[in-house]
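Notes follow once the structure below has been shown.
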Amino acid sequence: MTYRWAYMDHWRVDTPRGPQTQYANRRLMDDFVKQIAAVGFEGLDMFDFQVFGLTGMFGSIGKYQEYLQDHGIAKIVNLFRGIMYDPRVADAHVRGTHDEIVESTRRMLGMWSDLQIENLIVMPASLYTSTAPVTDDKIAAAAECWTRVGEMSLTEFGVRTTGHHEFFCAIRTFEDIVRFYELTDPRYVSFFCDTAQHCIAGVDPVELYERLHDRVSGFHFKDTRQQDTTGAYQHRPDAELMAPQTDRWFHEMGTEGGLVDFQRLVRAMDAHGYDGWVTVEHDKANIGGDYAESTALSMWYAKQVLGKVAS
Amino acid sequence: MSIRRAYAVNQWKPNFDDFCRPDAHLRAFKTVVAAGFTGVELRGGTGRWDPLGRPSSIENTYGSLAAFGKVLTDVGLAAVSSWAVDPGEPVDEELSHGRSVLDRGQHAAIVEWARPFAAALAELGGSRLVVRALPAAWQVGAVDDAAVATAAECFDALGAMTAGHGVRVSLHADVLSAAADDDVLDRLLAATDPAVVGLTVDTGELTLAGLDPVAVVRRHAARLDHLQLKDTRFVDTAGERLRPHAEHAFLTAGGDREVERWFFEVGTRGGLVDAPAVLDAARGAGYDGWVVFESEQTPNPASSVMLNGWYAGHRLGL
């Protein structure tokens with residue numbers, strides 16, 4: 001195993017001024033970066049829109065990366081594009097909006113072009129509820145969209161475009177996910193495996209990885225204690241934050257009652273020779289928990305349990 | 001042997017009913033290991049609400065010291081580096097309201113009280129019984145030579161007993177202690193037997209009390225046998241630590257300035273402790289024991305562990 005560990009940023013802390021993120025000020029940023037570096041992270045994943053705040057705080061996104069390196073974090077590895085889908089403007093299954101998706105992605109990647117970002121992570125389709133019924137043609141349209149985006153991102157910026165399938169995404173079942181990758185150009189679109197999201201959707205992430213291992217460009221390692229048994233993926237307006245089934249879908253690796261079989265996944269990754277970055281994520285850790293502790297517990301599990309499983 | 005990092009568990013237990021469950025211990029230990037520490041320092045305590053407070057409590061909670069040791073090993077910890085105790089604290093199990101090293105009549109009981117700690121430390125891979133050097137300054141008043149001699153007799157006897165277990169007694173001067181004074185500390189160390197009694201330098205406590213920990217390390221280099229690192233942004237320039245009930249009015253409530261938090265992670269912004277200089281001085285004196293990081297009064301223990309871990313790795317080279 002030669003993985004390098006990256007941290008997908010959802011961090012927030014309680015302060016005397018109330019809950020804050022590290023984008024609020026340099027002190028909180030210092031604390032955040034030191035904490036993730038302390039437990040062994042070497043990379044950072046973040047949302048694309050943070051470029052604005054970081055540029056304000058550090059002068060440029062390049063200066064921010066230099067600051068990260070001074071504190072023990074080698075680079076920003078992956079960008080998650082928080083695209084707001086709307087069939088009138090940008091929606092992958094609506095072919096008439098593809099030009100806008102390509103152009104807005106080009107503009108966004110241009111703002112990060114000083115760095116060596118490896119993957120642009122996208123949810124390849126809108127919400128299930130906004131897309132249903134999910135048809136072969138809608139999946140085909142989404143595949144066309146992201147193949148165009150992927151060609152642009154790779155040829156112009158050296159960044160791979162990779163699909164991340166939330167449990168409430170229109171392309172969410174094993175069959176539909178596989179079909180999507182069959183329809184996309186493997187040169188330009190890869191697969192980003194989020195272990196908890198697939199588990200919640202009733203998809204075995206290890207089985208999915210085995211099927212798509214040659215398309216995988218990264219992982220979000222996080223756990224869940226619950227499969228969606230109530231059709232929560234159809235909950236409006238947001239299934240992740242407001243579905244009645246639970247107020248917290250996600251937990252750190254090693255959580256009691258976790259459904260993700262990380263050890264089996266790591267054995268599969270080893271068998272296929274995966275040697276890239278692995279990203280740890282545990283969004284919503286503040287719901288009944290704490291980001292700092294969840295982060296440390298995740299890396300304890302990565303080092304002490306997964307480190308001994310892997311070859 | 002080289003310098004190794006440990007973490008004090010005291011920050012997880014602000015009150016009697018905190019940090020009682022083994023699953024909470026496990027989360028803390030995992031956090032400590034993830035941040036690069038290989039030992040933990042326990043804090044003496046009493047009663048059923050303090051399952052890590054004394055060896056018998058650990059046995060009641062985990063079945064045996066060996067079982068507890070296996071928990072540590074399984075999680076990735078090498079040892080209980082040390083146990084910090086205060087002879088003046090009550091011990092329910094012994095129907096004691098606390099004992100004083102300044103009372104010769106209680107010395108024998110103090111030695112017997114400490115015996116299980118020494119034996120347990122030996123079993124759990126530790127080597128230092130960190131003992132509060134003197135009670136609070138406001139309680140004992142001026143410490144004359146007779147008082148120093150009395151306390152020294154107790155520590156020598158204690159040290160002789162623990163030496164039989166391969167454990168050294170190491171005197172710890174917290175900010176409220178009458179020993180947190182250069183003159184008293186010098187006289188106390190001079191009166192004790194170097195063969196069995198050493199010195200713990202706690203950077204945050206000494207700095208807050210107005211002492212210079214680098215100077216203390218240099219002055220007592222031959223006696224230094226334990227290091228506790230934490231930072232502070234303050235010095236008690238008003239002498240509030242000497243006022244009655246300083247435990248509450250000063251240390252807990254923040255004193256006249258209403259300071260929210262006296263102690264911080266090493267390297268905190270505005271911190272007064274020059275940790276690299278302390279470590280350089282210790283290394284210069286040949287120190288090769290545990291360095292125990294602490295963060296009492298932190299609002300978030302896990303966060304403090306990670307911040308201390310970053311500083312230890314990226315700025316202290318530990």
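Values in this document were obtained by computation on a predicted structure and should not be read as measured data. Residue numbers begin at 1 in each chain, while the letters A, B, ... track the order of the sequences.
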Whether over 12 other heavy atoms sit under 6.0 Å from B:Arg257 CZ: yes
B:Lys30 side chain vs A:Ala296 backbone, donor-acceptor pair below 3.5 Å: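 Such a contact is absent between B:Lys30 side chain and A:Ala296 backbone.
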Region of B:Asn308 that comes under 4.5 Å of a non-hydrogen atom in chain A: neither
Check against side chain to side chain contact (heavy atoms under 4.5 Å, CB included), A:Asp290 and B:Asn300: CA-CA 9 Å; A:Asp290 169 76; B:Asn300 187 320; 2.7 Å; yes
Side chain, backbone, both or neither of A:Gln304 within contact of chain B (heavy atoms, under 4.5 Å):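 The side chain, not the backbone.
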Under 4.5 Å from a heavy atom of chain B, the part of A:Lys34 involved: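 Contact with chain B is through both the backbone and side chain of A:Lys34.
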Name the member of [options] that forms the most heavy-atom pairs with chain A at distances under 4.5 Å.
options                               : value
B:Ala34, B:Pro301, B:Ala302, B:Gly36  : B:Ala34
B:Val33, B:Val75, B:Val32, B:Thr31    : B:Val75
B:Ser303, B:Ala28, B:Pro299, B:Ala312 : B:Ser303

Contact summary for B:Trp310 and A:Ala38, nearest pair of heavy atoms: N-CB, 3.4 Å
Reported CZ-to-CZ distance for the pair A:Arg27 and B:Arg269, which is rounded to 0.5 angstrom: 5.5 Å
Close approach to chain B in residues 64-81 of chain A, criterion heavy atom under 4.5 Å: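 Checking residues 64-81 of chain A against chain B gives A:Asp70, A:His71, A:Gly72.
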